[in-house]
Amino acid sequence: MKIYEPKRALYRKNKPTTGCCQFCDKKTINEQQCLSLESKHWMVVVNKYPYMDGNVMIIPKRHVRNVADLLKDEWFEFQDILEKTMKKLSQIFKTEDFNIGANIGIDAGGSIEHLHWQIIPRRKKISNSVNIFADIEVITILPEDLRKIIDKNKL
Ligand SMILES: [Zn+2]
């Protein structure tokens, strides 16, 4: 099955005039960032093109391409930001189950060459006609709404 999603391709191709990539561009990030989860070295942003409901990304503020480029302070803080992000998403989506992953490099499927982890809370599939007949996951929460929900939710 192929899904036509031209806006996603545009997001990848249209590199900002300021900054070196989409995640270094303040204008782009300001539209996606969950300020309640920001830390010194990391930001949590909603995925504008989510794989599933609740899909956020944990991104280092510094432009790095690979985990080997992270500094000890950044690694140390990563554990904390990951735990906080999962805790908040657990509260919102009523689950303890997650997919967490990073595609490092274009050949590995990374669409933006700025290190980032995809964090996806998992729930039992909601049965509706699209899921049943086409085995397609339907996104029910707009990224801008998810951002508001995350920032309003207190830990
Ligand atoms: Zn960058």
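Start at 1 and go down the list; that is how both ligands and their atoms are numbered. Just so you know, residue 1 is the first one in the sequence shown, and it goes up from there. Quick note: numbers below take in every heavy atom, side chains included, and nothing from hydrogens, waters or symmetry partners.
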Among pairs that include at least one residue of residues 31-41, which meet salt bridge (charged side-chain N to carboxylate O under 4.0 Å, His left out), considering only residues two or more places apart or in two chains?
K27-E31, E31-K48, E38-K61
Not counting sequence neighbours, list each pair that qualifies as a salt bridge (charged side-chain N to carboxylate O under 4.0 Å, His left out) and has a residue in residues 74-95.
R62-E74, D80-K84
So which protein N/O/S atoms does the Zn ion (ligand 1) have within less than 2.8 Å?
C21 SG, C24 SG, H63 ND1, H114 ND1
Looking only at side chains, do N99 and Q118 share a donor and an acceptor under 3.5 Å apart?
no
Only counting residues at least two apart or in another chain, list the ones meeting side-chain contact (heavy atoms from CB on, under 4.5 Å) with L142.
E144, D145
As an exercise, state the distance from CD1 of I59 to CZ of F23, rounded to the nearest 0.5 Å.
4.0 Å
With side chains defined as the heavy atoms from C-beta onward, is the minimum distance between L115 and D69 less than 4.5 Å?
no
